[in-house]
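Note: hydrogens, waters and symmetry copies are ignored here, and every other heavy atom, side chains too, is used.
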Amino acid sequence: MSTKFQRLQAHNVYQLRIELQHIEPLIWRRILVPETLKLSKLDRIVQAAMGWTNSHLHDWRIGQQRYGIPDEEWIGSSQMLDERKFTIAQVLGEQTKTFAYSYDFGDGWDHRITVEERLPVQEGHNDWPMCVAGENACPPEDVGGPPGYMDFLQAMRDPKHEQHADHWRWWGGPFDPHAFSINAANMAIRKLR
């Protein structure tokens with residue numbers, strides 16, 4: 001199976017566990033990604049697996065380096081390496097065990113990513129990006145970061161809460177914080193191809 005994610009033949013696949021920080025209960029996903037994937041594509045896969053909509057800026061902190069899309073108008077991006085120029089294998093190698101991914105600097109969604117395993121490619125089985133496990137729903141975009149999300153959940157659970165109707169209307173109905181669909185995550189990942 002050939003996809004645009006695999007311009008080079010991958011020999012290994014990284015199994016990554018993504019954990020959203022500062023939220024209880026833990027929101028996490030496990031993904032498999034070929035080593036030849038560019039960091040810029042990994043961003044889109046993390047977004048799809050988690051449930052984010054790619055509406056905000058992001059960056060990676062791997063070892064002592066920061067990766068993302070440098071922008072002259074963005075303060076601090078002059079030290080950032082261009083994520084479009086590096087593959088996962090180049091930045092993670094054999095030694096990296098954990099690294100950080102931040103999304104939406106205003107809301108401050110911090111993710112801890114653990115390299116659980118480096119697996120050999122099994123053609124037709126694990127040679128494309130996919131989500132293989134996860135738990136709990138991704139917070140809505142623009143909810144106000146971890147504190148805003150906790151306030152949102154409290155208001156949504158309590159029909160007598162003064163902001164219940166506003167949040168209900170804003171979200172468009174009920175919100176189940178425990179909902180996670182591996183099928184929906186993989187459909188979103190497949191749409192990236």
Please report the shortest heavy-atom distance between G51 and C138, naming the atom on each side.
C-SG, 3.9 Å

Are D110 and P146 close enough that some pair of their side-chain heavy atoms sits under 4.5 Å apart?
no

Output the distance between atom NE2 (H164) and atom CD (Q154), rounded to the nearest 0.5 Å.
12.5 Å

How would you list, by chain and number, every residue that makes a ring pair (Phe, Tyr, Trp, His ring centres under 6.0 Å) with F175, sequence neighbours excluded?
F152, W171

Closest heavy-atom contact between V143 and D107?
N-OD2, 3.5 Å

Please determine whether residues W128 and I182 belong to a single hydrophobic cluster, defined as Ile, Leu, Val, Met, Phe, Trp and Tyr linked transitively by side-chain heavy-atom distances below 4.5 Å.
no

For the residue pair W52 and W109, categorise the inter-ring angle as parallel (less than 30°), tilted (30 to 60°) or perpendicular (more than 60°).
tilted

Gap between atom CD1 of I113 and atom CH2 of W28 - 0.5 Å precision
14.0 Å

List the steps and the verdict of side-chain hydrogen bond (donor to acceptor under 3.5 Å, both in side chains) for T53 and E141.
CA-CA 7 Å; T53 62; E141 294 278 355; 3.0 Å; yes

Could you walk me through whether W60 and V46 pass the side chain to side chain contact (heavy atoms under 4.5 Å, CB included) test, one step at a time?
CA-CA 12 Å; W60 306 93; V46 168; 4.2 Å; yes

Applying side-chain hydrogen bond (donor to acceptor under 3.5 Å, both in side chains) to E19 and not counting sequence neighbours gives R17

Out of curiosity, does V115 fall in the hydrophobic cluster containing I45 (side-chain heavy atoms, cut-off under 4.5 Å, transitive links)?
yes

To the nearest 0.5 Å, what is the distance between OG1 on T96 and CZ on R118?
7.0 Å

Could you state whether Y103 and F180 fall into the same hydrophobic cluster, counting links through intermediate Ile, Leu, Val, Met, Phe, Trp or Tyr residues with side-chain heavy atoms under 4.5 angstrom apart?
no

Measure from the side-chain N and O atoms of H111 to the backbone N and O of Y101, and report whether any donor-acceptor pair falls under 3.5 Å.
yes

Checking I31 against L42 for the side chain to side chain contact (heavy atoms under 4.5 Å, CB included) test, could you report, in this order, the C-alpha distance in whole Å, the side-chain angles of both residues, the deciding distance, and whether it holds?
CA-CA 10 Å; I31 62 173; L42 180 59; 4.0 Å; yes

Nearest heavy-atom neighbours spanning V121 and V13:
CG2-CG2, 3.6 Å

For L37 and T87: C-alpha separation, side-chain torsions, deciding distance, then whether side chain to side chain contact (heavy atoms under 4.5 Å, CB included) applies.
CA-CA 5 Å; L37 201 71; T87 66; over 6 Å; no

If you compare all heavy atoms of I23 against all heavy atoms of Y149, which two are closest, and at what distance to 0.1 Å?
CD1-CD2, 3.5 Å

For L26 and L20, which heavy atoms make the closest approach, and how far apart are they?
CD1-O, 3.7 Å

Search all heavy atoms of R84 against all heavy atoms of K38 and return the closest pair with its distance.
O-CD, 3.4 Å

Tested for side-chain contact (heavy atoms from CB on, under 4.5 Å) against I62, the lone hit among L81, V91, I88 is V91

Donor-acceptor contact below 3.5 Å, side chain Q163 vs main chain A155:
no

Given 3.5 Å as the limit, does a donor-acceptor pair link the side chain of N186 with the main chain of M130, or not?
no

Output for pair (D43 CG, N54 CG), nearest 0.5 Å, gives 5.5 Å

Looking just at side-chain N and O atoms, do E83 and H58 make a donor-acceptor pair shorter than 3.5 Å?
yes

Exam field: side chain E35 to backbone N12, donor-acceptor pair closer than 3.5 Å
yes

Report the distance from atom CE of M50 to atom CG of N136, rounding to the nearest 0.5 Å.
9.5 Å

How far apart are the C-alpha atoms of D142 and D104, what are their side-chain angles, what is the distance that settles it, and do they pass the side chain to side chain contact (heavy atoms under 4.5 Å, CB included) test?
CA-CA 9 Å; D142 302 318; D104 186 352; 4.1 Å; yes

Could you measure the distance from the CD atom of E117 to the OH atom of Y14? Nearest 0.5 Å is fine.
13.0 Å

Would you call R61 and S102 a side-chain contact if the rule is heavy atoms closer than 4.5 Å?
no

So if you build clusters from Ile, Leu, Val, Met, Phe, Trp, Tyr with side-chain heavy-atom gaps below 4.5 Å, do W170 and W168 land together?
yes

For R157, the salt bridge (Lys or Arg N to Asp or Glu O under 4.0 Å) test, sequence neighbours excluded, returns none

Tell me if a side-chain donor or acceptor on N126 pairs with a main-chain N or O of Q122 at a distance below 3.5 Å.
yes

